[in-house]
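Have a look at the structure below, then the notes.
Each chain gets a letter, A, B and so on, in the order the sequences are listed, and its residues count up from 1. Just so you know, these numbers come straight off a predicted model, no measurement behind them.
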Amino acid sequence: MKKPVPYEKRKASYGYQFLSLWLIGTLIFFLYPLAESLKYSFMELSPGKGGMQGEWIGLKNYIAIFTADAYYSKYLIDVLIETLWKTPLIMIFSLLIAVILNQEFKGRSFARAVFFLPVIIATGPVYSIISGNLSGSGVGTQFSTIFHTDLTGDFFEFIGLYGISEEVQNLAEMISDHIFAIVWNSGIQILIFLAALQGIPSSVREAALIEGATGWEYFWKITLPYISPMILVCLIFTVIDSFISPDNAVMKRVLEMQQEWKYGSAAAMAWTYFIIVMFAIGFLTLIMRNYIYYQTD
Amino acid sequence: MCALLSKKIWPLFRALLLAGLCFVILYPLIYMISCAFRTPEDMKDPTVIWIPRHLTWNIMKQTMKAMKFPRTLWNTLILNIGCSLMQVISCALTGYGFARFQFKGKKILFAIVILMILVPDQIIAIPRYIEFRYCFGIQPLMEKYIPALGQMCNLINSPLTMYLPAMTANGIRSGLMIFLFRQFFRGLPQELEDAACLDGCNPFQTFLLVMIPNAGSAFLTVFLFSVVWYWNDYYVSSTFFTENATIALMLKNLDTQLVNELFHSTTADISPREKIIWMEAGCLLSVTPLLLMYAFLQKYFTEGIEHSGLAG
């Protein structure tokens, strides 16, 4: 008689069967290309018959992108700094909007529909056109002028502020210049925060009301701890989203290098960038970990 | 004082804030509509800001011609829906495998899924291009032994460059989808499967007959997001298509397309400011199908995320 296969083992084999499609795909379309591109980054390449041909040049590509390339390190720093200040703004903004959209008021479903709208548009070429990022055409800058020119200056004059200090003016201008980008990049974050807010048990809310908590106390002592795991999710999502967007300067530079057939340098650029991003995300997670509250039943 | 603040002032402030921000979001869409139906003369007229003086269909017609609209739309729809269907099925299978089974190496494999979310497409684009161009290394062999077939071993410009990765859960943002499905299936009660197992279902039957009917809204949400991401993608498709095969590519290169198709020469007397109306018409054409989908299925976009277990 054949020995029956133990249940655990059978389950494990089913597990592999469910994963089989993905395993094949990942080997061909992810892991192999990943290894290849790492290899490219150490090589001087030229496209030849039947694939890439090239010779091993060690770390030369990596040294060259920082010393010989005039743009890469500048773009890299620009993108890092931009992410550094834009991410907190997006987080605060989307949390604020989510809290507001979670309240009861007339026209709430319309407001929700509008605020989620960027989710379906912001990843595409339409967004690069309307936000004035479309490179090379010279059309882009024309679009955004209506929105950007001196809106803040007008506003300050309108409410009667003239001799306002230079710094405040600059700060306000910077925020109003970027409000478009912030609002348009917060769709998913608002969605995630809203879902998290609705996950706060109503019993907690009632208890807080009976204890006489004000809205302000409620936000800091109840809302924030409850949604803290989602804050981390949003934070990581925001960072990744801005890092891998084809619209950012480093990614554009990588693309340019590829179009100039400098695949080795392009791969080295992409890998350096990727490793910095990984470090950033790991660092964030480590810091955030101390502040996250997990609800235990 | 406090009561006044929360009863009267806050709703007013909230209404103002929301109205202002809604305008920021809707402004490009309104501007698109306003531009797409005006004549080039209106762009020169400084008195025209929102409401065009001369309404016309011509710009839309010309842009449609330049974008080869019905054909491109049809191609894009087929490609999107095909890829999304395949991707949803393959990612659901993978997510279910991660959610419910214990096996060796699961942690490492899941780490690869996370890596898939983190690695930008730009890193793997060129090696993937080489794979498709030389048919996974078959082409040189064919060239050697059957030269006639060697010519045909080139997948560039073939829809297979999109279908094959989607089929094997490696399409656009599939890491995120696997992650979503895993979270979702983990949230479903284990009793469902135990009952099916007692009734004699094997895991595949359980998945097909018990889990899928319970996961309808999650499937729809992931499917919709997949359609949106494929629709908006131009980086991946521009790597594998040398022709403007999809709406996103068409729009990305609309500038050149307009010069070739419409103005017939690079020196045509069209100022950048006038060109805006064609660009905006192109934008309008390419977002309209998405907006229609969003209008009818909005609740699956928003509620789906809430129920898919991402938050929880």
Report yes if some heavy atom in the side chain of B:P11 is under 4.5 Å from a heavy atom in the side chain of A:F105; otherwise report no.
no

Stepwise side-chain contact (heavy atoms from CB on, under 4.5 Å) check, A:M278 with B:L115:
CA-CA 10 Å; A:M278 289 294 277; B:L115 205 60; 4.2 Å; yes

Given that the side chain runs from C-beta out, which part of A:F193 has a heavy atom under 4.5 Å from chain B: side chain, backbone, both or neither?
neither

How close do A:I120 and B:V228 get, heavy atom to heavy atom, and via which atoms?
O-CG1, 3.6 Å

Decide yes or no for A:L96 and B:L17: does some side-chain heavy atom of the first lie under 4.5 Å from some side-chain heavy atom of the second?
yes

CD on A:Q103 to CH2 on B:W10, rounded to 0.5 Å
5.5 Å

Taking atom CD1 of B:I112 and atom CG of A:L27, what is their separation to the nearest 0.5 Å?
8.0 Å

Quick check on A:L38 against chain B: is it the side chain, the backbone, both or neither that has a heavy atom closer than 4.5 Å?
neither

Between CZ on residue A:F93 and CG on residue B:L21, distance to nearest 0.5 Å:
4.5 Å

Between A:Y40 (side chain) and B:I126 (backbone), is there a donor-acceptor pair under 3.5 Å?
no

Where A:Q258 and B:Y235 come nearest, the two heavy atoms and their spacing:
OE1-OH, 3.4 Å

Given that the side chain runs from C-beta out, which part of A:I236 has a heavy atom under 4.5 Å from chain B: side chain, backbone, both or neither?
neither

For residues B:P28 and A:Y127, determine if any side-chain heavy atom of one lies less than 4.5 Å from a side-chain heavy atom of the other.
no

Side chain of B:R128, backbone of A:P33: donor and acceptor closer than 3.5 Å?
no

Work out which heavy atom in B:S90 is nearest to a heavy atom in A:L21; give both atom names and the distance.
CB-CD1, 4.1 Å

Rounding to 0.5 Å, atoms CD1 (A:I97) and CZ (B:R14) come to a distance of 11.5 Å

In terms of heavy-atom proximity below 4.5 Å to chain B, should A:I240 be classed as side chain, backbone, both, or neither?
side chain

Aromatic ring proximity B:F98/A:F18, centre distance under 6.0 Å
no

Distance flag, aromatic centroids of B:Y129 and A:Y263, threshold under 6.0 Å:
no

Mind checking the CE-CZ spacing from B:M116 to A:F29? Nearest 0.5 Å is all I need.
11.0 Å

Could you look at A:I227 and say if it's the side chain, the backbone, both or neither that has a heavy atom under 4.5 Å from chain B?
neither

Quick one: does B:Y294's side chain have a donor or acceptor within less than 3.5 Å of a partner on A:A113's backbone?
yes

A:V277 portion near chain B, given a 4.5 angstrom heavy-atom threshold
neither

Identify the heavy atoms of A:I188 and B:F225 that sit nearest to each other, and give their distance.
CD1-CE2, 4.1 Å

Is there side-chain contact between A:Q17 and B:F204, with at least one heavy-atom pair below 4.5 Å?
yes

Check whether any side-chain heavy atom of B:I124 lies under 4.5 Å from a side-chain heavy atom of A:Y32, and answer yes or no.
no

What part of B:F101 is in contact with chain A, defined as an atom under 4.5 angstrom from a non-hydrogen atom: side chain, backbone, both or neither?
side chain

Nearest heavy-atom pair of B:N232 and A:I121: which atoms, and what distance?
ND2-O, 4.0 Å

Just give me the residue among A:T26, A:V254, A:L23 that pairs up with chain B most often, heavy atom to heavy atom, under 4.5 Å.
A:T26

B:E131 and A:I28 have their tightest heavy-atom pair at OE2-O, 2.8 Å

Using side-chain contact (heavy atoms from CB on, under 4.5 Å), reason through B:L290 and A:V126 one step at a time and then give a plain yes or no.
CA-CA 12 Å; B:L290 281 184; A:V126 171; over 6 Å; no

Using heavy-atom distances under 4.5 Å, tell me whether A:W22 contacts chain B through its side chain, its backbone, both, or neither.
both

What distance do A:L117 atom CG and B:C22 atom SG have between them, rounded to the nearest 0.5 Å?
10.0 Å

